[in-house]
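One structure below.
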Amino acid sequence: MMVGMPQIIAYRKERNEYCKHIGNEVFAFEKTGLICHNSKILNFNKSDDTLILFLKDLIKQAGAICIKEQSLLKPADVKFKNKKDLVTITDKRVEDFIVKKIRTKYPSHDVLGEETGKTNFSSDYLWIIDPIDGTTSFFHQQPFYSVSIAVQYKDQTICGAVYAPRLDELFYADKDKGAFLNDNPIYVSKTDRLINCVMATGFACLRANLEKNNLEYFNRIVPQLRDIRRYGSAAIDLCYVACGRLDGFWEMNLNVYDIAAGVFIVEQAGGKICDFKGEFNFPEQGIVATNKYIQNKLLENFK
């Protein structure tokens, strides 16, 4: 690109793309996030504000369905994956609603949902959906449940949102733009001693009846802390780390849809995520989320 050449930005409605003319060369910035140089696609992902705006609106609509249906739940509306792990008809309805909206707006994108599995369109884009994270809380008429949606481009998360409908709290993050709670910027805490920390954990391992479970770590870690919390939604736990309400969170036996959006929000808020060994094989090898200042101290407990 030559210095001093004139640059002209234009929008071509018929092709739904922005174009930059630099001298005799044309660069087309497509709405899908790709860049073309004289019709040749380059490996570049353009930030698209319409994506995060669509995601925020979508997740709040999904949350409204949860609020409407929570008080109407009956025992017949619940099925059990095992003796402790339940799913409601609302989980499926919310996921179907989200998928339908994505299909309408982005028909070529792939989707991974907790209830419906993964599509296979070979798209560079993947939407990861947990329609209700914290179904036990949802069924028992408690407020600590959430809708969680993350969007990945070529296996890298580019935006994510977690909405707690009963609390009316929308956490979200857009790549390189920070993390937010109801449109206000959020940041992790600066606590640097375990004794001053409040943390959260969960027991998905007990629901799955795993022989090796979280109780060993729980008994080891909690005496070192100021206090512990148990919200029942990994997505909410991660977002509370992101906004500084919690200094750390750990759990085992989670799935990618439980954590995809929350992990991204923590990272964009300045926090750190790793597995129990300090590596990046999460959630398969456990997950640890901290404000980064106490990460190494917490990891000592998993050796």
Side-chain angles (χ1 to χ4, degrees), residues 59 128 130 133-134 137 143-150 157 159-164 167 169-175 177-204 214 217-218 221-222 224-283 285-302:
I59 204 168
I128 303 175
D130 192 340
D133 186 55
S137 294
F144 290 103
Y145 66 88
S146 62
V147 184
S148 175
I149 307 175
T157 305
C159 62
V162 172
Y163 182 50
L167 304 173
E169 292 190 329
L170 174 58
F171 297 87
Y172 67 91
D174 203 2
K175 187 172 177 60
K177 295 181 181 179
F180 300 85
L181 166 55
N182 293 343
D183 294 329
N184 296 309
I186 56 174
Y187 308 94
V188 295
S189 72
K190 295 183 178 180
T191 310
D192 59 2
R193 298 179 61 205
L194 291 181
I195 192 61
N196 295 328
C197 288
V198 175
M199 294 190 186
T201 191
F203 296 93
N214 191 23
Y217 304 122
F218 182 87
I221 294 170
V222 171
Q224 302 177 56
L225 307 178
R226 173 169 291 165
D227 212 337
I228 192 75
R229 294 291 181 266
R230 170 83 170 100
Y231 296 111
S233 165
I236 288 179
D237 291 332
L238 288 163
C239 289
Y240 280 12
V241 173
C243 71
R245 293 175 183 172
L246 295 171
D247 305 293
F249 162 73
W250 82 92
E251 194 166 349
M252 55 197 300
N253 201 48
L254 294 177
N255 295 287
V256 64
Y257 45 76
D258 298 312
I259 64 153
V263 162
F264 183 68
I265 292 168
V266 169
E267 291 174 336
Q268 292 294 304
K272 293 291 185 181
I273 307 286
C274 64
D275 63 22
F276 284 3
K277 295 181 179 179
E279 300 173 352
F280 299 99
N281 298 314
F282 56 83
Q285 301 299 321
I287 184 169
V288 175
T290 72
N291 63 7
K292 74 186 177 185
Y293 300 104
I294 48 89
Q295 184 183 38
N296 291 336
K297 297 173 185 176
L298 182 57
L299 285 173
E300 288 291 323
N301 294 280
F302 299 102

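We're numbering straight along the sequence, starting at 1. Because the structure is a prediction, the values reported are computed rather than measured.
Counting heavy atoms from C-beta outward, Thr201 and Tyr231 have side chains that stay 4.5 Å or more apart. Within the 4.5 Å cutoff, no side-chain heavy atoms of Tyr172 are placed close to those of Val162. With a 4.5 Å cut-off on side-chain heavy atoms, Leu299 and Val288 count as touching. The shortest side-chain heavy-atom distance between Ile294 and Leu194 falls under the 4.5 Å cut-off. Counting only heavy atoms from C-beta outward, the side chains of Ile259 and Phe282 approach each other to under 4.5 Å.
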For side-chain contact (heavy atoms from CB on, under 4.5 Å), just list the numbers for Ile287 and Val263, CA-CA rounded to whole Å, side-chain angles, deciding distance to a tenth of an Å, and then say yes or no.
CA-CA 10 Å; Ile287 184 169; Val263 162; 3.7 Å; yes
Worked verdict on Asn214 versus Trp250 for side-chain contact (heavy atoms from CB on, under 4.5 Å)
CA-CA 9 Å; Asn214 191 23; Trp250 82 92; 2.7 Å; yes
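The aromatic rings of Phe302 and Phe276 sit parallel, their planes meeting at an angle under 30°, below the 60° perpendicular limit. Between Phe144 and Tyr240, the ring planes are perpendicular. Angles over 60° get that label, and only those under 30° would be called parallel.
Within a 6.0 Å sphere centred on CZ of Arg193, heavy atoms belonging to other residues, nucleotides or ligands number 12 at most.
Interatomic distance, Arg226 CZ to Asn196 CG, rounded to the nearest 0.5 Å: 4.5 Å. Taken to the nearest 0.5 Å, the CD1 atom of Ile228 stands 7.5 Å off from the CD1 atom of Ile221. The CZ atom of Arg230 lies 6.5 Å from the CZ atom of Phe203; values are rounded to the nearest 0.5 Å. If you take OG1 on Thr290 and CE on Met199, they are separated by 7.5 Å, rounding to the nearest 0.5 Å. The distance from atom CG of Leu170 to atom CG of Asn184, rounded to the nearest 0.5 Å, is 11.0 Å. For the atom pair OH of Tyr217 and CE of Met252, the computed distance is 5.5 Å after rounding to the nearest 0.5 Å.
Residues that satisfy the salt bridge (charged side-chain N to carboxylate O under 4.0 Å, His left out) test with Arg229, not counting sequence neighbours, are Asp227.
Of all non-hydrogen atoms in Lys175 and Thr157, the two that sit nearest each other are CD-O, 4.3 Å. Contact record, Ala234 with Leu254: CB-CD1, 3.9 Å, taken as the closest heavy-atom pair. Nearest heavy-atom pair across Ile273 and Glu267 is CG1-CG, 4.0 Å. Residue Ile59 comes nearest to Val147 through the heavy atom pair CD1-O, 3.3 Å, listed as atom of the first residue, atom of the second, then distance. Nearest heavy-atom pair across Ser189 and Asn291 is OG-ND2, 2.9 Å. The two residues Cys197 and Thr191 have their closest heavy-atom pair at SG-CG2, 3.7 Å.
Of the charged side-chain nitrogens involved, at least one lies within less than 4.0 Å of a carboxylate oxygen, so that Arg245 and Glu169 count as a salt-bridged pair.
Here the side chain of Asp275 pairs a donor or acceptor atom with the backbone of Gly278 at under 3.5 angstrom. Under a 3.5 Å cut-off, the side chain of Asp247 and the backbone N or O of Val198 do form a donor-acceptor pair. Judged by distance alone, with hydrogens and angles left aside, the side-chain atoms of Asn281 form no donor-acceptor pair with the main-chain N or O of Gln285 at under 3.5 Å. Remark: side-chain polar atoms of Glu279 are not paired, donor with acceptor, to backbone N or O of Cys274 under 3.5 angstrom.
Inspection of the Asn301 and Gln224 side chains reveals an N or O donor paired with an N or O acceptor under 3.5 Å. Side-chain contact of Tyr257 with Asn255: a donor-acceptor pair under 3.5 Å is present, judged by distance alone.
When each of Ser148, Ser146, Ser137 is tested with Ser233 by the rule side chain to side chain donor-acceptor pair (under 3.5 Å), just one qualifies, namely Ser146.
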